[in-house]
Amino acid sequence: MHFSGVHERIRHWFHSKGWQPFDFQLDVLREYDRVETGLVHAPTGMGKTVAALLPVIHHEFQLRDAAASGSDGTPDSGLKLLWITPLRALAGDTVHSIQSVLTGHGIDWKVEARTGDTSASRKARQRKALPDVLVTTPESLSLLISYPESTGIFNGLRSVVVDEWHELLGSKRGTQTELGLAHLRRRRPALKVWGLSATLANLDLAVEVLAGTHPRKTAIVSGRHEKEIHIESLFPDSMDCFPWAGHLGLALLDRVLEVLDRASTSLVFTNTRSQTESWFHAIRDARPQWDGAVAIHHGSIDRKEREPVEQGLKDGSLKVVVCTSSLDLGVDFIPVEQVIQIGGPKGIARLLQRAGRSGHQPGRPSRIVCVPAHSLELVEYAAVRRAIATGRIEPRNPLEKPFDLLVQHVVTLCLGEPRPADEIFAEIRSAWAYRDLTRTEFDWALDFIQFGGKSLRAYKDYSRLMEEDGKLHPRSNEVGKFHRMGIGTITSDTAVPVKFKSGKTLGSVEESFISRIRPGQVFIFSGRTLQLEKFHANTAYVRAASGKKPGVPSWDGGRTPLSSQLADAVLEQLECFARGELDSEELRQVAPVLNRQADSSILPLPDTLLIENTRIRRSQSWFVYAFGGRLAHEGLVALVAWRITEQFKATVVTSVNDYGFHLSVNCDLPADAAFWNEILGSEDLEADLLECLNASEMAKRQFREIARVAGLIFSGYPGARKSARQVQVSSQLLYEVFSRYEPEHLLLDQARREVLQQQLEINRLRQLLEKIHSRKIQIVSTGKLTPMAFPLWAEMIRGEISSESWTDRVRKMAEELSRDSTAA
DNA sequence: GACCTGCTGCGGTGTG
């Protein structure tokens, strides 16, 4: 390897820190001249930040050397490096670490952040002149682009780093980043762009998306230092008394406490917010001596309450933090000794990400302790360990031309600088997501922005731009004001704020939860026991309380399905088990349950589709183990139920989980493979789905978010947000107007598309159906519920009856089952 | 004797 003087200086810096450079860091340095868009992927905590800065430093050294030898002019002033991060909470720490690496090399650039947290005066200054390095979010970048006085501030920009690109890639925020990059590249054609990412299955696509459509020289640089991951599971004393279903996992509380005892800092990850509340209370009640050293963190807790928790982790004053994905990324700069996962892993990448929160330093292994909430989760842990060992991981799929964001971005661009339509079209098409955007679609968007489209022509409010001298201009200053308040793609939920009378906000809960609580009743939230004082002006006023049996809130959140990769890996583990290859402790432990499944039915395997048929009182229950994840199953079960009722005069009750779905039918269905093959046919899938799912209701809800991103709905001034109801009313009105007068409206089309793709995972469903037809259908009649059927049955009766009798019925059924097993 | 669910993320005005 040849090292110029520049490389020597960089080597020297590593030496001064007592570090060895990693190969991939030097690879990035070597690729810099050749490559225009690159992607660095390495496990978390492996020095990606330094890797991204080395070429920037190298370039600056070259310029300085040239200037010193008199061959070049003065160095650029203003912004040279733009660093995009998805999380504003990371911006401050990123500023410091960039600053320190640069200073170490004798480069005294000014490094600043610009996010929503930045002070108003600094933001005002930054509109006109930027520091040498700016750390920002995709949203704040869009805002910068939207200010007329910012024209020119990117004129000295040399490189962009997109941090945590894997996190942005699969979302509209990623698409927004693509559009931002397309704009910056138009201004600076020679721009170098580097993405930093965790490992993904589709790295090639990830770099392609980052590069956009211009032919660009790209490279993928891999961190070769494999991170060591230790996955350990906790087991109950006996599988006999371990639940077959459920999600809380508190059965293993004592074991978890022992694990917490042995480390000074632990992160306890859960899968839901309400689970976080339950575990926080359980731990605090069991270890009162840890008072003040146990904290809770999730997305519905107010940011002001969360910040001290993050700080407590940083300074080591907290021993245990119970959290959701809210701390998946946010603790990059924090030393955590061990990580605990309560409940199923859901995905391979997800477990890796969480495990990576511990041992967050080169050379140190990551450890994660997995706590099953029910028996079959042990198979998931075995599967995820195997998948990691064989290098299998999920892809993240980028979005394709979302029209709501297109509409938003065109306005953003024209606010910053009035431009001819052709030029804007070309720029937008250079972003990967819009590479296939047709001129017709683009013209539709322009017409919509200028005149409100076909159906809103009469309303001036929807006319945002106008053409003058061949350029698109904002129609008024008002347009800019309202538009900037709506920039971004995250649409917030409909939750009710929870406040003390003093005015301090604790966070927010679901309206459906708080409406069940009467004043005087006690519930837990944000780790506190609270009493509802009154519900007034869409706000829940509470005071601290003590009380037994407090209610635990639940939220209407996302329902992360088991990933396809992990579902396949689970089936493979069952196959291993069937072959007698019990090469993990998890499989050995769960053996009694799997044996019972195999004895009373069969084990579902990769090449079979198991359908169980059980008579429960007067109904026939059919359990289909399709292993498609709960979202795809929700679509599938609706479809199957609909097709059944088309053929038979029957009432069908359904339930789903990640492994399969269940139909309870009050008539006899044929127990032969041909019938099920037909019922599960993939013909007319989309049309049938839209028909049977009451799709317009789902689309209507999805449309609300689309209308907000497209700037059709103003959701209120900061600090004085409109209520969910108000937003709902105006979005519904628009939906109805479009449906009536302009059914081909591209935003309606997008709403349907998003329902199919995001809420029902149509692509996965389609693949699933194809896979089903290549599998052998095996129908087994069972006398009793099997271990795999039990959770689906319990899930079904949850929707049927009150919680009191739910408990009774589950207990009764469990007792019945356990009597059988002792008798057997 | 088993059990009640369901993630995250950002940003903004203007006038007295």
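Here is how names work: the chains are called A, B, and so on, in the same order as the sequence lines, proteins then strands, and each is numbered from 1. Bear in mind the structure is a predicted one, so any value in this text is a computation, not a measurement.
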Nearest-nucleotide 5' precedence on DNA chain B, A/R303 against A/H247: A/H247
Contact nearer the 5' end of DNA chain B, comparing A/W244 with A/T136: A/W244
To the nearest Å, give me how far apart [atom1] ([X]) and [atom2] ([N]) are.
X	N	atom1	atom2	answer
A/Q176	B/dG11	CD	P	10 Å
A/Y717	B/dG14	OH	P	8 Å
A/L250	B/dT5	CG	P	14 Å
A/I145	B/dC10	CD1	P	19 Å
A/K346	B/dT5	NZ	P	14 Å
A/E795	B/dC4	CD	P	9 Å
A/W555	B/dT5	CH2	P	13 Å
A/F482	B/dG11	CZ	P	21 Å

With sugar-phosphate meaning primed atoms plus P, OP1 and OP2, does [X] contact a base, only sugar-phosphate, or nothing at under 4.0 Å between heavy atoms?
X	result
A/S140	sugar-phosphate
A/P86	sugar-phosphate
A/R354	nothing
A/F790	nothing
A/A245	sugar-phosphate
A/G246	sugar-phosphate
A/L248	sugar-phosphate
A/H298	sugar-phosphate
A/S142	nothing

For [N], does either OP1 or OP2 sit under 4.0 Å from a side-chain N or O belonging to [X]?
X	N	answer
A/S554	B/dT5	no
A/R559	B/dT8	no
A/R306	B/dG9	yes
A/K123	B/dG12	yes
A/T324	B/dT8	yes
A/T137	B/dG11	yes
A/R273	B/dT8	yes

Pair of N/O donor and acceptor under 3.5 Å linking B/dG9 base with A/R88 side chain: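 When only heavy-atom distances are counted, A/R88 does not reach the base of B/dG9 through any donor-acceptor pair under 3.5 Å.
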Among [options], which is the nearest nucleotide to the side chain of [X]?
X	options	value
A/R173	B/dT8, B/dC10, B/dT5	B/dC10
A/S274	B/dC4, B/dG12, B/dG6	B/dG6
A/S326	B/dG9, B/dG6, B/dG11	B/dG9

Any donor-acceptor N/O pair, A/H633 side chain to A/N657 backbone, under 3.5 Å: yes
Cationic N near anionic O, under 4.0 Å, A/R708 to A/D404: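 No, A/R708 and A/D404 are not salt-bridged.
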Contacts of A/R630 that satisfy side chain to side chain donor-acceptor pair (under 3.5 Å) - sequence neighbours left out: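 Side chain to side chain donor-acceptor pair (under 3.5 Å) check on A/R630 returns nothing, list empty.
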More than 12 heavy atoms of other groups within 6.0 Å of A/K304 NZ: no
Contacts of type side chain to side chain contact (heavy atoms under 4.5 Å, CB included), residue A/S233, not counting sequence neighbours: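 Counting only residues at least two positions away or on another chain, A/S233 forms a side chain to side chain contact (heavy atoms under 4.5 Å, CB included) with A/F235, A/C370, A/L378, A/Y381, A/E586.
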Side-chain donor-acceptor pair present, A/R273, A/S300, cut-off under 3.5 Å: yes
Side chain to side chain donor-acceptor pair (under 3.5 Å) evaluation trace for A/Q565 with A/E394: CA-CA 6 Å; A/Q565 287 68 21; A/E394 292 88 3; over 6 Å; no
